[in-house]
Amino acid sequence: MATNPYIEIIKQIEQKAQLDEQRANTTAQQGNQQAYVNYMTAKKDLGDTLASQGITGGGSESATLGTNVGYQRQQNVVAGNRASEIAAIRQNALANRTSTQSQSAQWENDQQLLAEQRFANTITGYDTVSKVDNAVDAAKESGQTWKVPYLLAQRAALLE
């Protein structure tokens with residue numbers, strides 16, 4: 001029987017999903033790095049900005065807290081985007097894999113039917129009971145038990 005072409009397609013779907021997940025993780029890591037750089041820059045500049053405006057005490061503490069909260073919020077946004085993207089990648093890969101597995105099963109079924117038709121068309125070549133018996137044994141040994149009913153029908157026809 002021919003090699004199932006859908007096996008390679010399923011492997012490609014899985015490889016693409018892995019690469020897409022790696023890309024999503026890299027994008028999230030870059031987003032977190034940029035958020036940190038922005039946070040540190042804002043934190044560094046905050047003191048000078050507040051001093052130039054004459055803000056001290058509780059006002060400066062509130063501004064610092066706001067910077068911290070903004071950084072945490074940005075980290076949460078990056079994490080949420082990453083999770084959503086990975087979920088979409090996995091869902092898409094699952095749908096593609098399921099569809100391809102269905103096509104693969106149909107292909108294998110079609111190949112089996114074709115093999116059976118070809119075998120049924122050549123069954124008259126087994127023109128003696130001993131040839132049929134040898135073919136039955138060979139089919140059983142090779143795991144092609146689907147051939148046995150055809151062979152037994154030919155054996156019965158020969159014995160009539």
Side-chain angles (χ1 to χ4, degrees), residues 1-44 65-160:
M1 188 164 16
T3 302
N4 185 337
Y6 293 97
I7 301 299
E8 185 60 32
I9 294 169
I10 291 169
K11 287 179 188 175
Q12 290 172 0
I13 289 168
E14 291 169 356
Q15 289 171 347
K16 182 178 183 320
Q18 287 177 346
L19 289 174
D20 287 348
E21 282 191 39
Q22 288 174 356
R23 181 185 44 75
N25 286 328
T26 299
T27 300
Q29 183 180 13
Q30 290 169 345
N32 280 331
Q33 287 173 344
Q34 187 59 49
Y36 182 74
V37 167
N38 293 345
Y39 166 67
M40 293 307 286
T41 301
K43 191 174 175 181
K44 178 182 157 244
L65 181 60
T67 303
N68 292 343
V69 169
Y71 173 57
Q72 288 298 321
R73 187 177 300 126
Q74 188 59 36
Q75 283 185 316
N76 290 340
V77 167
V78 169
N81 289 345
R82 178 190 165 278
S84 294
E85 189 172 351
I86 288 179
I89 290 166
R90 289 178 180 171
Q91 185 177 15
N92 188 38
L94 178 62
N96 288 339
R97 189 171 35 253
T98 300
S99 174
T100 304
Q101 286 171 334
S102 176
Q103 292 170 343
S104 175
Q106 183 62 50
W107 183 87
E108 288 180 7
N109 186 51
D110 292 346
Q111 292 299 306
Q112 180 63 32
L113 290 174
L114 184 60
E116 288 183 31
Q117 287 174 341
R118 287 179 180 154
F119 186 73
N121 291 338
T122 62
I123 197 75
T124 56
Y126 298 96
D127 54 3
T128 67
V129 173
S130 66
K131 283 184 182 179
V132 171
D133 290 342
N134 289 338
V136 168
D137 292 340
K140 287 178 181 177
E141 286 178 27
S142 68
Q144 296 178 322
T145 56
W146 59 268
K147 289 183 177 181
V148 174
Y150 293 102
L151 291 165
L152 293 179
Q154 177 64 10
R155 187 177 198 277
L158 290 171
L159 290 174
E160 287 183 358

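Atom set for the values below is all heavy atoms of this structure, side chains included, hydrogens, waters and symmetry mates excluded.
- Between Tyr71 and Ala35, the shortest heavy-atom distance links the atoms CD1-O, 3.6 Å.
- Between Thr100 and Ile9, the closest heavy-atom pair is CG2-CG2, 3.7 Å.
- Of all non-hydrogen atoms in Ser104 and Tyr6, the two that sit nearest each other are CB-CB, 3.5 Å.
- Under 3.5 Å, the side chains of Asn38 and Gln34 contain a donor-acceptor pair of N or O atoms.
- Summarising the geometry, atom CH2 belonging to Trp146 is positioned 10.0 Å from atom CG belonging to Leu113; distances are rounded to the nearest 0.5 Å.
- Remark: the Asn121 side chain and the Gln117 side chain contain no N/O donor-acceptor pair separated by less than 3.5 Å.
- Taking CD1 of Ile10 as the reference point, atom CG of Asn4 lies at 7.5 Å (rounded to 0.5 Å).
- If you take OH on Tyr36 and CD on Gln75, they are separated by 10.5 Å, rounding to the nearest 0.5 Å.
- Closest of all the heavy-atom pairs between Val78 and Gly31 is CG2-C, 4.0 Å.
- Side chain of Thr27 to backbone of Arg23: a donor-acceptor contact under 3.5 angstrom is found.
- In this structure a side-chain-to-backbone donor-acceptor pair under 3.5 Å is missing from Asn92 to Ala88.
- In terms of modelled atom types and a separation under 3.5 Å, the side chain of Gln154 and the main chain of Tyr126 share a donor-acceptor contact.
- The closest side-chain heavy-atom distance from Gln29 to Asn25 is not below 4.5 Å.
- Across every non-hydrogen atom of Ile13 and Ala93, the tightest pair is CG2-O, 3.7 Å.
- When Val136, Thr122, Ile123 are each tested for a side chain to side chain contact (heavy atoms under 4.5 Å, CB included) with Tyr150, only one passes: Ile123.
- With Thr98 contributing its side chain and Leu94 its backbone, the two residues share a donor-acceptor pair below 3.5 Å.
- Inter-residue side-chain proximity for Leu114 and Asp110 is flagged as unmet; no heavy-atom pair is nearer than 4.5 Å.
- By the 4.5 Å heavy-atom criterion applied to side chains, Leu151 and Arg155 are not counted as neighbours.
- One finds the NZ atom of Lys140 at 14.0 Å from the NZ atom of Lys147 (value rounded to the nearest 0.5 Å).
- The CG atom of Asp20 sits 9.5 Å away from the CD atom of Gln22 when rounded to the nearest 0.5 Å.
- In this structure, Glu116 has no salt bridge (Lys or Arg N to Asp or Glu O under 4.0 Å) partners at least two apart in sequence or on a different chain.
- For the atom pair CZ (Phe119) and CD (Gln144), the distance works out to 8.5 Å, reported to the nearest 0.5 Å.
- Smallest separation of non-hydrogen atoms from Ala24 and Arg82: O-CG, 4.3 Å.
- With a 4.5 Å cut-off on side-chain heavy atoms, Lys11 and Glu8 count as touching.
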